[in-house]
Protein chains: 2
Amino acid sequence: MSSVPAATADAPAAPRSHVRVELGARGYDIVIGPGLIDAAGEEIARRLPGVRAAIVTDTTVAGLHYERLSIALRAAGIDHVQIVVPPGETTKSFAQLTDVVDQIIGARLERGDVVIALGGGVIGDLAGFASAIVRRGMGFVQMPTTLLAQVDSSVGGKTGINSPRGKNLIGAFHQPALVLSDTALLDTLSPREFAAGYAEIAKMALIDRPDFFAWLDANREAIFTGGPERVESVRQSCIAKAAVVAADEREEGSRALLNLGHTFGHALEAAVGYDAKRLVHGEGVAIGTVLAHRFSAKLGLCLPADAERCEAHFAAVGLPTRISEIPGAPLDVATLMAGIGQDKKVRRGSLTFILTRGIGQAFIASDVAPAGVEAFLTEELTR
Amino acid sequence: MSSVPAATADAPAAPRSHVRVELGARGYDIVIGPGLIDAAGEEIARRLPGVRAAIVTDTTVAGLHYERLSIALRAAGIDHVQIVVPPGETTKSFAQLTDVVDQIIGARLERGDVVIALGGGVIGDLAGFASAIVRRGMGFVQMPTTLLAQVDSSVGGKTGINSPRGKNLIGAFHQPALVLSDTALLDTLSPREFAAGYAEIAKMALIDRPDFFAWLDANREAIFTGGPERVESVRQSCIAKAAVVAADEREEGSRALLNLGHTFGHALEAAVGYDAKRLVHGEGVAIGTVLAHRFSAKLGLCLPADAERCEAHFAAVGLPTRISEIPGAPLDVATLMAGIGQDKKVRRGSLTFILTRGIGQAFIASDVAPAGVEAFLTEELTR
């Protein structure tokens, strides 16, 4: 990838990097850097003068970061209220949405005010969806506190909740006005949670940036231990995602590439009932991305060596790569196939997958035969 | 209004009139005419080949019109399911939304399939909002069965539900792919319901079409008894509304003109607890529009004669024009002011009203003093 010059990995990243998401009137900045939370008030007030805010967060994140954010907002004269929800994927429900929406309206926020999502992907999706539907659309600021949210879910405007029938089946495209990614907050993540977020970085490289993947292969230890390589990996991921989003904001075509590993991954998450003790989203993406490469190799689309390189990369950072690594009762193929059939990416009954011709050469395959998928998964279940 | 030539009122309207809502890639047709429901299948299939459909309707409308629509869809090869909700404003709730969304997902409809709203404004708002959020946005077809829905709520993409804290505070802008207005279905309306719909036609004329208002003054009896004048009044209203929507799809400016009479009207509806026995939406709009004209006259913005002409027009078609005409316990000014304060059109704490300089000369006044409104309403309560 030409946008990752070798020099970048050696020089320290600037304290605050900016990535612009080019979406015309809906375009916005992603600001990245350590300690950014203390400057959140000035960053918001400069772009959105006079706003009031509702900060949506969960009990875990509130304890870690809320006071610092509140102080920063007060310093910039931003009046705000706090809305706290329970942590975890089950919070992405109609019941929690109803409650958050009611609290935003109860705080008498107006269309021009903002909802600030302080937390991981669950908080961003829930708060973003609430901001999309209160008064038919309010302002929205993402303050992602997990690696997964900083490199993936906070960028691109996808918001939503889960249906009892499937993940993310209910939602809206609603772009934030600003994304503030404080990379120092990632120090509070568990190694497992950090690795899960890293899965989305590797996935992004595997879509269409082979040079970025090579850079990740060379720098993965430094990314995990911290330092400028970590900031750079976040920045490059955001640049890559912003480019895909700008080309197809509402997922009518090429944006579906971001779902590399996700059709399999979502089916795995559904099969364990979204039980984070067994599988978190990034782990599902890691296994799913390996499955997408292995399925591509089985179909003769890419070399087996590409699938092996992909799997070795995920395994080296401690991520699961095989279905059989998921703890608990073994999964069965019928459950996985049902999860795949209900996936949002279904079109007119044919199965659509993101497959690949090699490292960084993913493409949208919209005519995949369900029988072939079923045979493949049957083999993979016992690998 | 030059687009209502005198000849139009004498010649029978064409069996099917078309109005185009110009919104670029989101543009769509409004088709108007008697008996259109029997052609619904071909109208949909021609524009959206291969779609499946979920028809959302209420128990009342289902009994009157569902079978005919189902036959028409079958004839065009459109596979469909029926989703029935209770009639009435209370159906615009999170609970009903959750249920409708679950049934749409349960029917395994995909992004390219359509939700058809068969009913009045409540059904259009609820079904449209459901279609906006299932899979982050599905296709949507409006089949309005009330006059109010045909001339107002089906056009322009506003969808939503009510919050316990206020009407339409939760929703989305989601344009339909097609609006099919069968004017013969209006024969099933009660006189009260027809008059309520007519209030939105008169409001539309009072915004910026003085010639249309004069035409309505001359033709109101024919509109109420039926015939080509009725079809023409629907068509002209849709043309007027489509022009406003095309100029400002997301209500960031001039579209707020459509709220003429609605700030007062919504406060009245809220004050009676959305009890349709006491006040339906169109009646609130009638009283609210008269109040907007009287308030404008009191402020010296328009002539008292304009306010009198406005009131005489609504009264002549049997609509209420005074707060004291609302049956039941008298309303009080504090309740009305609270309703106005929570209105969506609030900006940064100042009160925004649509006021007027005369018949067809409405404008957005964003700096109205709450004390002046309170004094005015105190007088009006006992008129």
Side-chain angles (χ1 to χ4, degrees), chain A residues 25-26 49-52 93-95 97-113 125 129-130 132-138 157-166 168-174 249-252 256 338 341-350 352, chain B residues 25-26 49-52 93-95 97-113 125 129-130 132-138 157-166 168-174 249-252 256 338 341-350 352:
Chain A
R26 290 184 303 286
V51 292
R52 297 175 62 226
S93 67
F94 253 121
L97 178 71
T98 306
D99 185 52
V100 170
V101 160
D102 186 61
Q103 290 191 58
I104 294 169
I105 296 171
R108 300 180 79 88
L109 295 194
E110 302 171 13
R111 275 192 191 167
D113 291 325
D125 285 3
F129 189 31
I133 65 175
V134 170
R135 298 172 189 274
R136 297 197 184 91
M138 298 177 53
K158 277 195 177 181
T159 70
I161 58 175
N162 299 326
S163 157
R165 299 176 190 268
N168 293 322
L169 289 175
I170 304 158
F173 288 95
H174 187 58
E249 183 181 1
R250 294 181 69 92
E251 197 173 17
E252 292 160 337
Q342 185 54 288
D343 190 273
K344 281 192 307 302
K345 292 171 287 298
V346 175
R347 296 254 172 219
R348 310 248 158 280
S350 67
T352 295
Chain B
R26 289 183 304 285
V51 292
R52 298 173 63 225
S93 67
F94 253 122
L97 177 72
T98 306
D99 185 53
V100 169
V101 160
D102 186 63
Q103 289 191 60
I104 294 169
I105 296 170
R108 300 181 80 85
L109 294 194
E110 302 170 13
R111 275 193 192 167
D113 291 326
D125 285 3
F129 189 31
I133 65 175
V134 171
R135 297 171 189 276
R136 298 198 185 91
M138 300 178 50
K158 276 196 179 180
T159 71
I161 58 175
N162 299 326
S163 156
R165 298 176 191 268
N168 293 321
L169 289 176
I170 304 158
F173 287 96
H174 187 58
E249 183 181 2
R250 294 181 70 91
E251 198 173 17
E252 291 159 337
Q342 185 51 285
D343 191 274
K344 280 193 306 302
K345 292 171 286 300
V346 175
R347 296 251 172 223
R348 308 252 160 276
S350 67
T352 296

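Here the structure is a predicted model, which is why all the values come from computation and not from measurement.
Most heavy-atom pairs under 4.5 Å with chain B, from the set A/Pro164, A/Gly171, A/Ala172: that is A/Gly171.
With sequence neighbours excluded, no residue forms a salt bridge (charged side-chain N to carboxylate O under 4.0 Å, His left out) with A/Arg250. Contacts of B/Gln103 classified as side chain to side chain donor-acceptor pair (under 3.5 Å), with partners at least two apart in sequence or in another chain: B/Asp99.
Both the backbone and the side chain of A/Thr98 come within contact range of chain B, with heavy atoms under 4.5 Å apart. Within the 4.5 angstrom heavy-atom criterion, atoms from both the backbone and the side chain of A/Val134 approach chain B.
Salt-bridge annotation for A/Arg111 and B/Glu251: present, with a side-chain N of the basic residue lying under 4.0 Å from a carboxylate O of the acidic one.
For the pair A/Ile170 and B/Arg135, the minimum side-chain heavy-atom distance is 4.5 Å or more.
Scanning both residues, A/Ile105 and B/Arg165, for their nearest heavy atoms gives CG2-CD, 3.7 Å. In terms of heavy atoms, B/Arg136 sits closest to A/Thr159 at NE-O, 2.9 Å.
With rounding to the nearest 0.5 Å, the separation of OG in A/Ser163 from CD1 in B/Ile104 is 11.0 Å. Atom CD1 of residue A/Ile133 and atom CG of residue B/Leu97 lie 7.5 Å apart, to the nearest 0.5 angstrom.
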